[in-house]
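Notes follow once the structure below has been shown.
FYI, side chains are in, hydrogens and waters are out, and symmetry mates aren't considered; it's all heavy atoms of this structure. Within every chain, numbering begins at 1; the chains are lettered A, B, ... in the order of the sequence lines, protein sequences first and strands thereafter.
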Protein chains: 2
Amino acid sequence: MIDFKELLKEHGIPPSLQRIKILEYLHNFKTHPTADMIYQALVDEMPTLSKTTVYNTLKAFAEKGVIVELSLFENEVRYEYNTTPHIHFKCIKCGKIYDISKTFKCLKDEKIEGHKVSEHHINLKGICKSCLENAKG
Amino acid sequence: MIDFKELLKEHGIPPSLQRIKILEYLHNFKTHPTADMIYQALVDEMPTLSKTTVYNTLKAFAEKGVIVELSLFENEVRYEYNTTPHIHFKCIKCGKIYDISKTFKCLKDEKIEGHKVSEHHINLKGICKSCLENAKG
DNA sequence: TACATATTTGTTATCGTTACAAATAAGGAA
DNA sequence: TTCCTTATTTGTAACGATAACAAATATGTA
């Protein structure tokens, strides 16, 4: 069981109830949600929750490296709990985003053609396994 | 000298003046522009040009594979003339996008963990060579 | 408990994009 | 060429995601 309060403190973020809940959600549901999805998921439990808070919180988390901001495809921003770098696959049929376990040589903190790399994203797009099987049947 | 009129026809797109000009721009300026940048660049020469036309045209081009839609970072859509797959680097300081010439094994048309890949993007983010040098001085 | 500060909230504004219908242009047939 | 049908373009209005802002609330500390 992770102490999210402690984890936020370690990243220099004062742990408010809203921040803890949002971080908890991102940790428990690895669905790469948008800001709005997170808001919708939490607003029942926290009726006074504001979207602005969700946006502000996600921004702060991303800046401090607690989570990662993904700009996968189609102009939509998604968020995920910061784990080891991995490949993302987005299905153009069902819209689902998969984590690919295959590892890759991450260029983070290296230099390429003189540019210093701080983030390295690999994004795939196509038809997912599940949609391929449905199409067959 | 490329015959853009012919090129559009080959892709099944009837070549209007607007379409030719937009394609020409994307071919001549490899700056990964946004739709708005393209509009701003062309509106002087074509005063009646509409933004809707630019958006519609870019969408049609991307669907037919004439250009590629890039969702690099920060929720912004950019476009580039369709060339061979390559790595993109975006500078977080100056915002410029660089093409990295280093090649990579593209997974296009292959399967990974059961998913069929149709697009393969590698996006880097960091401080570009030019900004690094400026910071030193 | 009280205070100063940080956070949250709700509203409003902004930006990129899309929907839509009217105006215009283009291409083919007579 | 001229007419006619169809596709394209245009301009406006609407939309959704995000950000700005100030007021309200909560927080941590003395």
Side-chain angles (χ1 to χ4, degrees), chain A residues 4-6 8-25 32-64 66-79 95 97, chain B residues 4-6 8-9 11-25 31-64 66-67 69-79 90 95 97:
Chain A
F4 294 107
K5 203 167 177 174
E6 221 28 68
L8 285 171
K9 278 188 196 166
E10 279 162 24
H11 282 86
I13 301 168
S16 70
L17 179 62
Q18 287 85 345
R19 287 171 179 165
I20 292 168
K21 286 287 175 191
I22 290 170
L23 183 57
E24 211 172 272
Y25 183 84
H32 313 84
T34 62
D36 192 67
M37 288 173 192
I38 297 169
Y39 171 79
Q40 296 302 338
L42 295 179
V43 74
D44 284 341
E45 192 186 347
M46 310 173 71
T48 70
L49 182 66
S50 157
K51 272 198 189 176
T52 303
T53 299
V54 178
Y55 281 106
N56 289 343
T57 301
L58 292 171
K59 203 178 195 179
F61 284 4
E63 273 168 12
K64 302 284 185 173
V66 184
I67 64 173
V68 175
E69 198 180 283
L70 304 173
S71 197
L72 293 178
F73 301 104
E74 285 133 26
N75 209 18
E76 60 185 3
V77 177
R78 288 167 174 271
Y79 297 89
I97 295 165
Chain B
F4 294 107
K5 203 168 178 173
E6 223 25 71
L8 285 172
K9 278 187 195 165
H11 282 87
I13 301 169
S16 70
L17 178 62
Q18 287 84 343
R19 287 171 180 164
I20 293 168
K21 284 288 175 191
I22 290 171
L23 184 57
E24 210 172 274
Y25 183 84
T31 52
H32 313 85
T34 63
D36 192 66
M37 289 172 191
I38 297 169
Y39 171 79
Q40 296 301 339
L42 295 179
V43 73
D44 284 342
E45 192 186 346
M46 310 174 72
T48 70
L49 182 65
S50 157
K51 272 199 188 175
T52 302
T53 300
V54 177
Y55 280 105
N56 288 343
T57 301
L58 292 171
K59 204 177 196 179
F61 284 5
E63 273 167 13
K64 302 282 185 176
V66 185
I67 63 172
E69 198 179 283
L70 303 173
S71 197
L72 294 179
F73 300 105
E74 286 135 24
N75 209 19
E76 60 184 4
V77 179
R78 287 167 175 272
Y79 296 89
K90 168 147 186 177
I97 294 165

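- A 4.5 Å side-chain heavy-atom check between B:M37 and B:T31 finds every atom pair outside the cut-off.
- Comparing D:dT10, D:dA19, D:dT18 against the side chain of A:K59 picks out D:dA19 as the nearest.
- Taking 4.5 Å as the limit, every side-chain heavy atom of B:Y79 sits out of range of all side-chain heavy atoms of B:H32.
- For B:T57, counting side-chain heavy atoms from C-beta on, the closest listed nucleotide (D:dT9, C:dT7, C:dG10) is D:dT9.
- Using modelled atom types, no side-chain atom of A:T53 and backbone atom of A:L49 make a donor-acceptor pair closer than 3.5 Å.
- Side-chain proximity of B:T52 to D:dG11, C:dT17, D:dT9: nearest is D:dG11.
- As rounded to whole Å, 12 Å separates atom C1' of C:dG10 from atom CG of A:L49.
- Rounded to whole Å, atom P of D:dA17 lies 13 Å from atom OH of A:Y79.
- Note: CG (A:N56) to C1' (D:dA22) measures 14 Å, nearest angstrom.
- Out of D:dT18, C:dT9, D:dT10, the shortest distance to the side chain of A:Y55 is found at D:dT18.
- Across all strands, B:E76 comes closer than 4.0 Å to no nucleic acid atom at all (heavy-atom distances).
- Atom CD of B:E69 and atom P of C:dG16 are 16 Å apart (whole Å).
- Not one N or O on the side chain of B:R19 forms a donor-acceptor pair closer than 3.5 Å with the backbone of B:T57.
- Atom CD1 of B:I22 is separated from atom P of D:dT9 by 8 Å (rounded to the nearest Å).
- Mapping B:K5 and B:K51 onto DNA chain C via the closest heavy atom, the residue that lands nearer the 5' end is B:K51.
- For A:S16 against D:dA26, no side-chain N or O and base N or O form a donor-acceptor pair under 3.5 Å.
- Rounded to an integer number of Å, the gap from B:R19 CZ to C:dG27 P is 11 Å.
- Checking A:L17 against A:T34, the closest nucleotide of DNA chain D that is more toward the 5' end is the one next to A:T34.
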